[in-house]
Protein chains: 2
Amino acid sequence: MVTDTDPIAEPRVPLSKERVLRAAITVADKGGIESLTMRKVAEELGVEAMSLYYHVANKDVMLDGVVEAIVAEIEEAVGGFGVPSKVVDWKAEVRNRILTARVVMLRHPWAPGVFETRTMMGPSIVMYFEGLLGLMREGGFSYDLAHHGMHALGSMSLGFSQELFKPDSEEAGEEAEEMFEHMMEHLPYMAGMMMEITHDDPDSTLGWCDDQTEFEFSLDLILEGLERLRANS
Amino acid sequence: MVTDTDPIAEPRVPLSKERVLRAAITVADKGGIESLTMRKVAEELGVEAMSLYYHVANKDVMLDGVVEAIVAEIEEAVGGFGVPSKVVDWKAEVRNRILTARVVMLRHPWAPGVFETRTMMGPSIVMYFEGLLGLMREGGFSYDLAHHGMHALGSMSLGFSQELFKPDSEEAGEEAEEMFEHMMEHLPYMAGMMMEITHDDPDSTLGWCDDQTEFEFSLDLILEGLERLRANS
DNA sequence: ACCTGAACACCGTTCAAGT
DNA sequence: ACCTGAACACCGTTCAAGT
């Protein structure tokens with residue numbers, strides 16, 4: 001049996017805000033966002049739910065902390081949010097930073113949903129945007145255009161696009177045959193697109209959308225649009 | 001007092017899926033998304049919560065229905081999702097359709113959050129995208145480019161941009177003075193942007209971001225990028 | 001200083017029962 | 001066919017109490 005002095009016993013490391021946030025991320029990584037409850041986080045830590053409230057005021061500030069922790073992961077992945085004094089290729093640097101952020105976000109597929117419910121941005125995210133803004137500024141942008149540009153990038157600046165209606169099942173009920181009949185009749189353009197695109201692609205009809213490909217297409221469309229505006233200003 | 005035969009009594013119109021969905025939208029319009037509970041919807045209808053389950057299987061399918069109802073509002077606002085056989089200016093038509101959708105979404109500020117939690121798309125949304133796709137196709141797009149384009153538009157195609165961290169309070173706690181000191185020291189680019197942009201603008205520092213202006217800037221950036229790709233293909 | 005037990009208000013949902 | 005009462009499992013959170 002385990003006592004206080006048992007050398008085999010786990011060290012019984014005390015709780016802390018950091019441990020709570022890490023546990024929250026672990027829980028969400030394992031079970032998705034709907035599993036992220038105070039009680040589950042406590043369980044992950046081997047503690048009662050009420051103990052968490054000593055370290056985080058409530059669930060909302062816990063989620064703020066989780067967002068900050070994810071941004072810290074991004075900071076580590078990109079090697080700091082600093083801005084070199086001379087930026088020769090702003091587009092390449094911004095693109096690289098965003099695609100690196102995306103790698104982190106893909107490790108936490110539930111995170112975009114949490115980011116979007118946050119209303120205030122903590123210091124880490126501010127620093128992230130400060131870095132992006134700095135890259136654009138040193139890359140030759142006016143503040144005004146850079147500001148528009150950050151808005152245009154939107155959630156992409158943090159590496160996610162929040163796809164509307166991920167087509168994992170799409171009309172999953174119907175027979176494929178019947179569904180195709182229906183499409184030919186009522187959705188001529190969708191049907192045409194499906195036929196043309198699946199033509200080149202041996203994957204199933206649902207495999208059209210390579211998220212990474214679409215993300216990079218959209219990102220480059222915006223970055224190139226901004227570069228054009230910058231060059232003509 | 002009111003009895004069954006009292007002619008003054010309200011007609012006691014029976015429940016229906018449509019009435020439930022309309023009530024749900026009313027509740028969310030009044031109190032925001034967190035007030036949209038089964039019990040509140042029932043209360044809005046003067047009925048017990050459990051009665052709803054006779055008309056909608058559960059809350060999730062109720063939300064699916066709510067999304068469909070909102071898209072129906074969009075359909076009415078744009079005058080149908082049809083595609084003219086000759087499209088002379090795809091950009092203007094797509095732009096107009098999207099900005100009209102935006103007007104509807106602005107009436108329901110809670111709706112974007114609901115849209116983004118939906119996983120399957122119902123028939124109305126499919127028809128909406130069919131219409132957009134048709135406009136692009138008849139406007140001279142290959143299916144492949146149109147497909148990329150729809151992904152690039154993302155949630156903007158339905159009229160919302162889901163701003164990250166709406167800066168309603170942003171560091172609301174600190175004194176303005178102290179905050180400015182802090183910014184000058186640690187956030188040189190943010191501070192510079194703030195100074196340059198607020199310079200032209202008599203509004204408060206937090207009034208930079210006109211959502212409509214930013215939305216249209218982003219939308220036009222993407223539409224013009226797509227037009228360029230279309231013209232060069 | 002740090003953690004817990006009991007309790008409260010509020011969810012979504014089931015099910016047997018009413019009309 | 002349509003609606004309801006009572007009940008259950010599960011939330012976030014408070015508060016007085018333990019160590």
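Residue numbers begin at 1 in each chain, while the letters A, B, ... track the order of the sequences. Both backbone and side-chain heavy atoms feed into the values below; hydrogens, waters and symmetry mates do not.
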Working to the nearest 0.5 Å, report the span between CE of B:M156 and CG of B:L223. 8.0 Å
[X] has an atom [atom1]; how far is it from atom [atom2] of [N], in whole Å?
X: A:E34; N: D:dC11; atom1: CD; atom2: C1'; answer: 14 Å
X: A:L52; N: C:dC3; atom1: CG; atom2: C1'; answer: 11 Å
X: B:K59; N: C:dT14; atom1: NZ; atom2: P; answer: 14 Å
X: B:M38; N: D:dC3; atom1: CE; atom2: C1'; answer: 14 Å
X: A:E48; N: C:dT4; atom1: CD; atom2: P; answer: 5 Å
X: A:L63; N: D:dG12; atom1: CG; atom2: P; answer: 10 Å
X: B:R39; N: D:dC3; atom1: CZ; atom2: P; answer: 18 Å
X: B:E43; N: D:dT4; atom1: CD; atom2: P; answer: 13 Å

Applying a 4.0 Å non-hydrogen cut-off, can you work out what B:T37 is touching in the nucleic acid: base, sugar-phosphate, or nothing? sugar-phosphate
Assign A:M50 to base, sugar-phosphate, or nothing according to its heavy-atom contacts below 4.0 angstrom with the strands shown. base
Please tell me whether [X] and [Y] have a donor and an acceptor in their side chains that are separated by less than 3.5 angstrom.
X: B:S124; Y: B:E68; result: yes
X: A:H108; Y: A:E73; result: yes
X: A:E163; Y: B:H151; result: yes

With both distances kept under 3.5 Å, what pairs with C:dA9, Watson-Crick or G-U wobble? none
Strictly by Watson-Crick or wobble contacts shorter than 3.5 Å, is anything paired with C:dT19, and which nucleotide is it? D:dA1
If you check the B:P14 side chain, which of D:dC11, D:dC3, C:dC3 turns out closest? D:dC3
Test the A:R102-A:F215 pair against the cation-pi criterion, namely NZ or CZ under 6.0 angstrom from the six-membered ring centroid and within 45° of the ring axis. yes
Taking for A:S35 and for A:A57 the nucleotide of DNA chain D with the nearest heavy atom, the one nearer the 5' end belongs to A:S35
Compare side-chain N and O positions of A:Y54 against OP1 and OP2 of C:dC3 and report whether any pair is under 4.0 Å apart. no
5' precedence on DNA chain C between A:S51 and B:L36 (nearest-nucleotide basis): A:S51
